[in-house]
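Here's the structure, in structure tokens; my notes come after.
Just so you know, residue 1 is the first one in the sequence shown, and it goes up from there. Just the heavy atoms: all of them, side chains too, but no hydrogens, waters or symmetry mates, feed the values below. All figures in this text were calculated on a predicted structure; none of them were measured in a lab.
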Amino acid sequence: MSAAAGVSTASITPVVVRLKLALLRNGLRQSAGRRAAFVASAILVLLVAVLQLIGLIALRGNAHAETVGVLLTVVLAVGWTVMPLFFPSGDETLDPTRLVMLPLRPRPLVRALLAASLVGIGPLFTFCLLLGAVISVARGAAAYATAVVALALALLVCVALARAVAAANIRLLSSRKGRDLAVLSGLVVAIGAQLVNFGAQRLGSAGGLSKLDPVTDVLRWIPPGSAVGAVDSVSEGSYGAGAVQLALCAAALAGLLALWSRHLTRLMTSPDGSTLQAAEPAGRERGSSGLGRLLPAGRTGTVMERSLRYVWRDPKTKAAWVTSLAIGLIVPVFNALQGTGSVYFACFAAGMLGIQMYNQFGQDTSAFWMVALTISSTRDAYVELRGRALALLLITLPYATLVTVVTTGLLGAWGKLPEVLGLSFALLGAMLATGAWSSARFPYSIPQEGYKNVAPGQGGLAWIAIFGGMVSAALLAAPVIALTVWLNVSADGDRWSWLLLPVGAGYGALITLLGLRLAAPRTAGRLPEILAAVSKG
């Protein structure tokens, strides 16, 4: 006991940092494909960060440099708040619930986790953008000295904000009772992202960045935007205003750390009753539901019902579906309402829902072993994949049709309805085909506990699988896309454009069946690897 009491709490920080590095390193050692995916994604992210850094530095002397820097900092803070909760990024090594059995005090643990949070591609990307933001407004030695402090404060505020929100929601997101709030939060994020996108479009056509100057005058006093505002104030000789803005950012950091510490204390000392399952009443009937009676008989109907139950009951699956449904409707409809959209934006609905076909086995997590026990041949694998695809089509086909009809109606382009529907169906079929193959070739785990959607070391693999599959789907749908372009440029194209509906639907169905046939033998032959990958979390 005396030896344990004599250990310095300061030693926790390097231990936790080394622990994170070791977990990430060990995760990458599991396969060469995972290492390649991680390296490729890291190079891509760093390339974008460097380009953004160069662009921000090029703004030095521009009248709107402060506007860009402050708004970018605020957007980064918002991103750090919501991205770890609803998108597959980062890792789960900082989940504090894994440390509840250790004799650690909250404050030293907060310092250790904060330091470990600064390790990774995400913090490096944020550092590059914040560095460019403060350099773009810094003028003079005093401003550069302020920029050093402002850069550190802004980065720490972003990280602390993310971890405080994550600690407050970690049990909520893993709770059955919290699934509806998680879905609502995902919907808010999706709508908010699209509102920012459309706001940026309006800026480009209504006077440029000068329209944002009044907003910047407010945000430059709100952390972490106040950090960039402090550098600009010192550059203009307003040392008092700069000091107040830095103090506001420091106070926000202290408040977030205190909030984080409070949530950690509650998380590590209070019992979690939110996940306790109520005892099932005796004698409750377990017969097939009304939905099950409407589905096909045999394994196909069973697989479809299971997949649809995941969509309705699993918090993370439900959040992903609702977010995709929202974005798939918002993008074409908002563009149509603004008069700047194209009728082909309606294909976005099919594309967003087609993404749900990727990583089909990951949503099963460790329960996939029960599915794997029922797959003893290529035929079994094919029926399994077919049932999952049909469950997705049960929602996607009517939804994509509805979005297409609404979009064409808003734009008054009813003559384009058949060809847009045909193009949507072809794209959906291509995504189902590539999604089935990607699910077997690049499976990854979706942790049930915590707030991450990808297990440690699999983040790069997830991004490569999804974006690689999307590119492959675009290539598979190229014949229908080329036919659409040819009919639109042809003199007699309007007379034959209605053929795109049966051609697109038939091509989509054919390519889906072909994709399922090709993915089935790979699924049956890689069951141990798939089970190991999806059970990681």
Side-chain angles (χ1 to χ4, degrees), residues 291-292 294-312 314 317-318 320-321 324-325 328 347 349-364 367-368 371-372 374-375 377-401 421-444 446 465-466 468-470 472-477 480 504-527 530 534:
L291 175 62
L294 298 176
L295 297 176
R299 178 169 185 147
T300 299
T302 303
V303 174
M304 292 179 65
E305 185 174 3
R306 185 208 319 137
S307 299
L308 293 173
R309 286 183 182 275
Y310 276 145
V311 174
W312 181 250
D314 181 66
T317 304
K318 190 175 184 179
W321 268 91
S324 296
L325 289 169
C347 297
M352 287 301 301
L353 294 188
I355 295 177
Q356 303 305 320
M357 186 64 185
Y358 294 88
N359 196 37
Q360 275 292 305
F361 307 127
Q363 67 181 3
D364 297 355
F368 178 70
V371 177
T374 66
I375 299 176
S377 65
T378 299
R379 174 64 183 175
D380 292 337
Y382 172 74
V383 175
E384 176 72 25
L385 290 171
R386 184 181 63 185
R388 293 173 185 252
L390 289 174
L392 189 146
L393 287 172
L394 197 62
I395 301 174
T396 304
L397 282 179
Y399 178 78
T401 303
L421 271 178
L423 190 59
S424 295
F425 294 158
L427 177 62
L428 178 60
M431 296 196 73
L432 291 178
T434 57
W437 187 86
S438 178
S439 295
R441 181 61 182 84
F442 301 110
Y444 56 89
I446 302 177
I466 293 175
M470 292 171 64
S472 301
L475 294 176
L476 286 177
V480 179
Y507 183 82
L510 179 64
I511 203 68
T512 298
L513 291 175
L514 181 60
L516 296 177
R517 291 289 184 184
L518 293 177
R522 182 171 291 273
T523 301
R526 299 189 74 248
L527 285 177
I530 295 174
V534 302

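Here the CG-CE distance, from Leu394 to Met304, works out to 5.0 Å after rounding to the nearest 0.5 Å. With rounding to the nearest 0.5 angstrom, the CE atom of Met431 is 9.0 Å from the CE atom of Met352. For the atom pair CZ (Arg522) and CD1 (Ile530), the distance works out to 9.5 Å, reported to the nearest 0.5 Å.
Residues Tyr382 and Ser377 have side chains that never bring a donor and an acceptor to within less than 3.5 angstrom of each other.
For Thr512 (side chain) and Gly429 (main-chain N/O), a donor-acceptor pair under 3.5 Å exists by modelled atom type. Side-chain atoms of Arg526 come within 3.5 Å of backbone N or O of Ala440 as a donor-acceptor pair. Looking only at distances, a side-chain donor or acceptor of Ser439 sits under 3.5 Å from a matching main-chain atom of Met357.
What you find for Ala473 and Ala430 is that their closest heavy atoms are O-CB, 3.3 Å. Across all non-hydrogen atoms, the minimal contact from Ala477 to Leu427 is CB-CA, 4.3 Å. The nearest pair of heavy atoms linking Gly328 to Ala349 is O-CB, 3.7 Å. Heavy-atom minimum distance, Ser307 versus Ala391: CB-CB, 3.8 Å.
In this structure, the side chains of Val480 and Phe425 stay at 4.5 Å or more apart for every pair of heavy atoms. For the pair Leu432 and Leu392, the minimum side-chain heavy-atom distance is below 4.5 Å. Side-chain contact between Arg388 and Arg306 is present, with heavy atoms from C-beta onward closer than 4.5 Å. In this structure, Tyr310 and Asp364 have side chains that are in contact, with non-hydrogen atoms separated by less than 4.5 Å. Counting heavy atoms from C-beta on, the side chains of Asp380 and Thr374 never come closer than 4.5 Å. Side-chain contact between Leu353 and Leu428 is absent, with no heavy atoms from C-beta onward closer than 4.5 Å. Put simply, the side chain of Leu295 does not reach to within 4.5 Å of the side chain of Thr300, judged on heavy atoms. Trp437 is not listed as a side-chain neighbour of Thr523, based on a closest heavy-atom distance of 4.5 Å or more.
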What verdict does the side chain to side chain contact (heavy atoms under 4.5 Å, CB included) test give for Val371 and Val303, after you've listed the backbone C-alpha separation in whole Å, the side-chain angles of each residue and the deciding distance to 0.1 Å?
CA-CA 10 Å; Val371 177; Val303 174; over 6 Å; no

message: Determine whether Leu527 and Phe368 satisfy the following criterion, side chain to side chain contact (heavy atoms under 4.5 Å, CB included), listing intermediate values before the conclusion.
response: CA-CA 10 Å; Leu527 285 177; Phe368 178 70; 4.0 Å; yes

